[in-house]
Protein chains: 2
Amino acid sequence: MDEKAEFPKSRAEVVSLLKEYDITPTHQRIKIGHVIFSQPQHMSAEQVLAAVNQSDEVSKATVYNTLGLFAKQGLVREVIVDPSKVFYDSNLSKHHHLYYSDTGELEDIASEHVKISKLPELPSDIQIEDVDVIIRVHRN
Amino acid sequence: MDEKAEFPKSRAEVVSLLKEYDITPTHQRIKIGHVIFSQPQHMSAEQVLAAVNQSDEVSKATVYNTLGLFAKQGLVREVIVDPSKVFYDSNLSKHHHLYYSDTGELEDIASEHVKISKLPELPSDIQIEDVDVIIRVHRN
DNA sequence: CTATTAATTAGACGAAGTCTATTTACGTAT
DNA sequence: ATACGTAAATAGACTTCGTCTAATTAATAG
């Protein structure tokens, strides 16, 4: 989680990234990985589907399954800020988000710019998955 | 926004709460207000629709319009934590959220239990609407 | 090669929310 | 009160995002 991953350009780099996260590298997964890991970015499943299908075809179900799997394995992060769709964030480093509610834009905020100095105590049978900080803004 | 509102039980109390927030108190809005302000709680639009329609009928469109209006006027807060639906939070005091990703439960965290000691500097033409802190957890 | 399991697929389906065109209620002036 | 103009509510079609199912294809182990 605190590992600084490279942004792989080549097919081989994507393959080894998948393997690192215990994901069997199939043709479709490599393709999807190649799209989202080409740079740190936020994409919705629909955007991934559209991007991937510019060349050959990957089914809708596979795109959704694959992004869900990537998220489960910690390879991407689901960002829930827009009520109408989930964003998948390929930036693996710890960070927070700035959301422009007027335009739907989503930006990263490096974690050193936000400091949470106090969190509530939780019962011991509860595991924290994530602490999301979302700064919702709009332009004047 | 920092006003500690009562949780109105009577129709008259709901009416004056609506007026305070510049909302024309119609029959349907009062009904919806009565449901969500009976106690501090999180409800989805569908839940509000179901609750309201146990007695007489309010249309789906009106429930969605009304909750949207309430949110716009600052009378309720939209909580976006579950990718499948928006929650409307009738707790008007400043607070954060604890979300159980396994069950979908949503709990309030009083703002004194979370301290954000640093926020990024933002361009002057940008207005902060809200800083949401969501602690995503699951049980063992 | 064969069996077993994992992954992919098309397309039907579902849920949440939006939109449109019409009707109803409401406020104000007469 | 009545008439007029605007705001609100309505039914139901529609859209979008996402899930599910049942069948096919690919991968892997023996």
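Numbers restart at 1 for each chain; the letters A, B, ... are given by sequence-line order, proteins then strands.
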How close or far is atom P of D:dA7 from atom CD1 of B:I23, stated in whole angstroms? 16 Å
With the side chain of B:T26 defined as its heavy atoms from C-beta on, choose the nearest nucleotide among C:dT9, D:dG18, D:dA8. D:dA8
Value in whole Å for how far the C1' atom of C:dA16 lies from CE of B:M43: 16 Å
Measure from the side chain of A:N65, starting at C-beta and using heavy atoms only, and say which of D:dA8, C:dT9, D:dT10 lies closest. C:dT9
Could you tell me the separation between the CG atom of A:L49 and the P atom of C:dG11, rounded to a whole number of Å? 14 Å
Verify whether one side chain among B:T66 and B:Q28 offers a donor that lies under 3.5 Å from an acceptor in the other. no
Closest-nucleotide ordering on DNA chain D, the 5'-leading residue of B:A61 and A:A45: B:A61
How close or far is atom P of C:dA16 from atom NZ of A:K85, stated in whole angstroms? 18 Å
A:R29 has an atom CZ; how far is it from atom P of C:dA6, in whole Å? 11 Å
Whole angstroms only, please: what is the CD1-C1' distance between A:I32 and C:dT8? 10 Å
For the side chain of B:E46, starting at C-beta, report the closest nucleotide among D:dC17, D:dA9, C:dA16. C:dA16
State which of C:dA7, C:dG17, C:dA10 makes the closest approach to the side chain of A:S59. C:dA10
Is any side-chain N or O of A:Q28 closer than 4.0 Å to OP1 or OP2 of C:dT9? yes
How are the rings of B:H97 and B:H42 set relative to one another: parallel (under 30°), tilted (30 to 60°) or perpendicular (over 60°)? perpendicular
Contact class for A:S84 (heavy atom, under 4.0 Å): base, sugar-phosphate, or nothing? sugar-phosphate
Ignoring backbone atoms, test whether A:Y64 places a side-chain nitrogen or oxygen under 4.0 Å from the OP1 or OP2 oxygen of D:dT19. no
Looking at the side chain of A:T62, which of D:dA8, D:dC17, C:dT8 is the nearest nucleotide? C:dT8
Heavy atoms from C-beta onward define the side chain here; which of D:dT28, C:dT8, D:dG18 lies closest to that of A:T24? D:dT28
For the residue pair A:Q54 and A:V35, establish whether any side-chain heavy-atom pair is separated by less than 4.5 Å. no
With a 4.5 Å heavy-atom cut-off, do B:Y88 and B:V48 have their side chains touching? no
Which whole-number value in Å describes the distance from B:L69 CG to D:dA8 C1'? 11 Å
Provide, to the nearest angstrom, the distance between the CZ atom belonging to B:F87 and the P atom belonging to C:dG17. 10 Å
Can you identify which nucleotide, out of D:dT10, C:dA7, C:dG17, has its nearest atom closest to the B:V58 side chain? D:dT10
Counting only heavy atoms from other residues, nucleotides and ligands, does the tally under 6.0 Å from CZ of B:R139 exceed 12? yes
Between the base of C:dG11 and the side chain of A:K60, is there any donor-acceptor pair under 3.5 Å? no
